S.K.: 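Dumping the structure here so I can ask a few things about it.
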4 protein chains.
Amino acid sequence: MLRRLTERSNGGEDKRGLILHAAVRVFARKGFHGCRVGDIAEEAGVAHGLLYHYFRSKDEVLECVFNETWADILAAARMVEETDEPARERLSGIAKILLRAWRRDPDLVRVVIREVVRSPELQRRISEIHAAFAAIERIIVRGQEEGEFRSDVDPRLASFVFYGALEEILTGWVLGTLDDGDEQIARAEQTVVEIVCGGLAPDRQAAKL
Amino acid sequence: MLRRLTERSNGGEDKRGLILHAAVRVFARKGFHGCRVGDIAEEAGVAHGLLYHYFRSKDEVLECVFNETWADILAAARMVEETDEPARERLSGIAKILLRAWRRDPDLVRVVIREVVRSPELQRRISEIHAAFAAIERIIVRGQEEGEFRSDVDPRLASFVFYGALEEILTGWVLGTLDDGDEQIARAEQTVVEIVCGGLAPDRQAAKL
Amino acid sequence: MLRRLTERSNGGEDKRGLILHAAVRVFARKGFHGCRVGDIAEEAGVAHGLLYHYFRSKDEVLECVFNETWADILAAARMVEETDEPARERLSGIAKILLRAWRRDPDLVRVVIREVVRSPELQRRISEIHAAFAAIERIIVRGQEEGEFRSDVDPRLASFVFYGALEEILTGWVLGTLDDGDEQIARAEQTVVEIVCGGLAPDRQAAKL
Amino acid sequence: MLRRLTERSNGGEDKRGLILHAAVRVFARKGFHGCRVGDIAEEAGVAHGLLYHYFRSKDEVLECVFNETWADILAAARMVEETDEPARERLSGIAKILLRAWRRDPDLVRVVIREVVRSPELQRRISEIHAAFAAIERIIVRGQEEGEFRSDVDPRLASFVFYGALEEILTGWVLGTLDDGDEQIARAEQTVVEIVCGGLAPDRQAAKL
DNA sequence: AATGAATGAGTTTTCATTCAT
DNA sequence: TATGAATGAAAACTCATTCAT
């Protein structure tokens with residue numbers, strides 16, 4: 001229903017999708033707690049009662065925004081994971097997916113970053129978030145097994161470094177503290193991969209780590 | 001008043017501090033929007049009316065939590081910045097400050113991470129938040145100038161990678177998805193510094209970045 | 001349309017009857033105010049919109065339940081009234097009609113007792129409800145005139161005693177606080193008639209009433 | 001808190017009692033489902049929010065009206081039960097208590113009769129209602145044991161007859177279908193006792209019951 | 001006749017904030 | 001300082017009813 005982060009928009013738009021999109025825009029503008037159900041309905045051009053035809057509550061709307069978004073991201077990440085390219089290329093693929101989502105639908109990323117990812121209320125449902133971490137971790141582990149990455153680094157921690165770097169850059173764009181021109185986006189991708197994969201490269205005298 | 005993240009607690013505890021501490025615990029447990037003023041007062045063992053003697057509003061309580069916390073972090077970061085140690089050591093110092101705050105007061109970190117850093121309402125505070133980024137960036141720039149780090153990487157982006165990695169690890173501890181034993185904390189510090197400084201090291205044939 | 005309280009069900013069942021029956025079951029289970037129009041429709045297996053083809057409103061459904069029920073009761077009561085049997089036999093006939101309705105359709109009785117008879121909104125129907133009282137009162141008056149009952153008792157009050165006794169027993173069955181086996185039903189009939197007619201018997205030294 | 005049905009009003013009136021009394025008046029006038037929380041607050045002359053300081057919900061207000069009322073009735077009934085007067089006198093005492101409550105506080109009786117006694121929602125809490133029945137039944141049983149009443153009548157059914165007669169008369173007054181002048185009230189008491197005790201008298205040839 | 005999406009007035013409830021004591 | 005009763009704006013949510021299909 002949602003304009004997919006990873007694919008193109010699906011022209012035809014039913015009411016449920018209309019509401020979900022409106023919600024994304026409104027959440028992005030005013031925040032989840034800063035808007036009323038009526039704001040979403042107004043943005044969607046429907047009566048607020050209709051929202052309850054499609055969703056059980058305001059909370060459920062946010063949850064759906066997340067579910068029907070992250071699933072796409074995850075699927076894309078899995079596809080990248082299964083490639084047989086070098087680990088560096090696969091991490092680069094993951095970075096592309098996450099960072100380019102910003103150019104495709106900034107409001108959506110804004111909402112996921114600000115409202116969902118750290119929400120204490122939604123933490124339960126979000127084991128799925130960590131599936132993304134798992135994918136990154138698996139890529140790193142395989143990179144270590146195949147000698148592309150040094151083995152003396154905890155792959156779990158490394159996945160947090162990689163994912164955290166990406167999320168922070170998205171946050172910078174969301175909050176407006178980091179340039180987000182097309183060129184900047186491409187450069188951000190390269191930089192993250194360069195730094196993290198550089199740091200994981202094996203041919204170094206690995207200090208006393 | 002708050003138990004400082006960077007220093008020790010100041011034994012005597014006045015009512016204002018009592019309320020502020022209680023707020024941190026309650027915000028950590030239920031989130032800012034998920035708790036009532038009465039919850040904070042109850043946790044502090046005072047009547048909720050008293051809260052309004054010390055703070056203008058519930059919002060102001062959160063703001064104070066942030067102010068009286070982040071100021072410490074910032075001061076500590078500035079001290080590290082002005083050292084004459086190698087850039088790597090200085091980044092390591094920053095990592096220590098942020099990550100060890102977790103061991104000192106997890107609830108406080110939880111609140112800053114979840115409620116303040118990404119709050120749409122507190123965007124005015126962002127400049128202060130990002131003073132920390134500036135410190136990191138300056139360390140990197142100096143590292144580049146002094147030949148310790150490669151120069152073909154945007155230092156601003158690099159500071160996001162470093163800070164994002166640290167914040168993600170804190171988040172992992174906050175959400176319980178990452179081990180936070182004493183040993184793990186020490187290792188996390190090392191790993192982040194190792195990866196990021198490794199990735200920034202100049203003696204590499206720097207690909208085509 | 002409703003399964004008559006006093007006669008047998010009319011085999012074939014149109015949609016209107018389907019809805020009316022469903023309403024009786026739902027009202028009995030959750031109360032008029034405790035159910036939604038959609039509950040009735042669901043119980044009837046139709047879309048809730050259809051309800052508005054047959055009834056002007058939810059209120060009208062309840063009113064129809066009453067009308068098409070009480071009319072039967074009343075007609076039966078009138079028939080009994082016009083008999084030439086002794087007053088005691090005629091009261092016994094009334095008791096039979098009311099109490100046996102319970103065995104025939106408990107839900108319907110439940111609804112009439114709980115939702116209609118005492119409803120503040122349906123007070124206009126009270127005249128019809130109390131036509132039943134009038135019938136009972138007339139029987140008693142005639143009993144007094146013919147010497148079967150003592151004359152120093154207000155027949156109107158006596159009719160309240162008689163009707164109240166019956167309704168309370170029905171209520172006991174409705175609420176499950178009184179046994180309602182077939183045998184109990186027959187015995188209840190006898191007991192009410194016995195007590196009330198006994199109390200109305202003239203051959204007593206009538207105290208100082 | 002409530003103006004007791006069985007005792008005099010307690011001059012001094014706290015806010016909770018104010019609200020409870022206002023609720024009784026409003027429920028009596030418009031019915032529980034026909035009034036809004038705001039109506040109660042307005043009648044009490046307080047802000048509607050205050051209602052939630054003293055009660056958890058609108059439902060709880062009704063429940064309290066009942067609890068803090070019926071307890072009194074029950075206590076009074078128990079006192080009567082323990083007397084050593086003849087059973088007839090004791091039943092007469094019960095009748096007095098119930099019927100005179102009407103003169104003392106008609107609104108309260110109206111509410112209890114219309115909203116509480118038959119409410120499907122409140123049935124759970126109301127095992128207490130039946131404590132009244134039990135008291136009546138015990139009086140009758142003792143009357144039978146002591147030869148004052150005939151023994152071939154089920155005392156449980158007889159208690160329903162007695163209580164039902166009283167409730168129906170109250171209902172008549174509530175609905176305005178029965179005169180309720182002072183004289184009528186006294187006469188109603190006598191009539192109910194006369195009929196029921198007359199019907200229960202042993203010196204009759206008891207038919208084939 | 002039949003459906004169920006759509007409407008929106010109406011209601012309960014919450015809760016930050018005030019203020020008399 | 002300290003309390004907690006009192007306020008009332010604000011919001012989520014319900015649900016009877018309408019209506020295009």
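What you see is a predicted model, and the numbers here were worked out from it, not measured in a lab. By convention in this document, chain letters (A, B, ...) are assigned in the order of the sequence lines, proteins followed by strands, and residues within each chain are numbered from 1.
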S.K.: Between A/Cys35 and A/Arg29, is any pair of side-chain heavy atoms under 4.5 Å apart?
M.R.: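 Not in contact.
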S.K.: Among F/dA12, E/dT7, E/dT12, which nucleotide sits nearest the side chain of A/Ala47?
M.R.: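 Of F/dA12, E/dT7, E/dT12, E/dT7 is nearest to the side chain of A/Ala47.
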S.K.: Please compare A/Ser57 and C/Tyr52 by the position of their nearest nucleotide in DNA chain F and report the one closer to 5'.
M.R.: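 On the 5' side of the pair lies A/Ser57.
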S.K.: Using Watson-Crick or G-U wobble geometry with both distances below 3.5 Å, tell me the partner of F/dT14, or none.
M.R.: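 Because both required distances fall under 3.5 Å, F/dT14 counts as paired with E/dA9.
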S.K.: In whole angstroms, how far is the C1' atom of E/dT13 from the CZ atom of D/Arg36?
M.R.: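 Interatomic distance, CZ of D/Arg36 to C1' of E/dT13: 15 Å.
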S.K.: Under 4.0 Å between a Lys/Arg side-chain N and an Asp/Glu carboxylate O for D/Lys30 and D/Glu43?
M.R.: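 Looking at D/Glu43 together with D/Lys30, the answer is no, because their closest N to O distance does not fall below 4.0 Å.
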S.K.: On DNA chain E, does the nearest nucleotide to C/Gly49 precede the nearest nucleotide to A/Val46 from the 5' side, or the other way round? Give the residue.
M.R.: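 The answer here is C/Gly49.
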S.K.: Could you give the CD-to-P distance, from B/Glu60 to E/dA16, as a whole number of Å?
M.R.: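 Roughly 15 Å, once rounded to whole Å.
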S.K.: Does the side chain of B/Leu62 reach to within under 4.5 Å of the side chain of B/Val111, using non-hydrogen atoms?
M.R.: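 Yes - at least one pair of side-chain heavy atoms lies under 4.5 Å apart.
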S.K.: Nearest whole Å is fine: how far is E/dG4 P from A/Asp14 CG?
M.R.: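 It works out to 17 Å between those atoms.
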S.K.: When the distance from NE2 of C/His53 to P of F/dT17 is rounded to whole Å, what number comes out?
M.R.: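 Those two atoms, NE2 and P, are 15 Å apart.
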S.K.: Expressed as a whole number of angstroms, how long is the span from A/Leu62:CG to F/dA12:P?
M.R.: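 Distance, rounded to whole Å: 13 Å.
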S.K.: Mind calculating the distance between CG (C/Leu50) and P (F/dA16) to the nearest angstrom?
M.R.: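 C/Leu50 atom CG is separated from F/dA16 atom P by 16 Å.
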S.K.: Nearest 0.5 Å, what's the CD-NZ distance between B/Glu63 and B/Lys58?
M.R.: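 With rounding to 0.5 Å, CD (B/Glu63) is 14.5 Å from NZ (B/Lys58).
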S.K.: Looking at D/Leu20, D/Leu51, D/Val24, D/Val46, which hits side chain to side chain contact (heavy atoms under 4.5 Å, CB included) with D/Ile40?
M.R.: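 In the set D/Leu20, D/Leu51, D/Val24, D/Val46, the residue that makes a side chain to side chain contact (heavy atoms under 4.5 Å, CB included) with D/Ile40 is D/Leu51.
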S.K.: Atom CG of B/Leu18 and atom P of F/dT3: how far apart are they, to the nearest Å?
M.R.: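 About 11 Å, once rounded to whole Å.
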S.K.: Quick one: which of F/dG4, F/dT14, F/dT3 gets closest to the side chain of A/His48?
M.R.: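 Among F/dG4, F/dT14, F/dT3, the one nearest the side chain of A/His48 is F/dT14.
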S.K.: With respect to the phosphate group of E/dA5, does any side-chain polar atom (N or O) of A/Tyr54 fall under 4.0 Å of OP1 or OP2?
M.R.: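 So the side-chain polar atoms of A/Tyr54 never come under 4.0 Å of the phosphate oxygens OP1 or OP2 of E/dA5.
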S.K.: Separation of B/Lys58 atom NZ from E/dT17 atom C1', in whole Å?
M.R.: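 Atom-to-atom, B/Lys58 to E/dT17, this comes out as 12 Å.
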S.K.: Distance check: side-chain N/O of A/Lys15 vs OP1/OP2 of E/dA5, anything under 4.0 Å?
M.R.: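 Negative; the distance criterion is not met.
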S.K.: In the strands shown, is F/dA20 matched to any nucleotide by a Watson-Crick or G-U wobble pair with both distances under 3.5 Å, and which?
M.R.: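 By the stated definition (distances under 3.5 Å), E/dT3 pairs with F/dA20.
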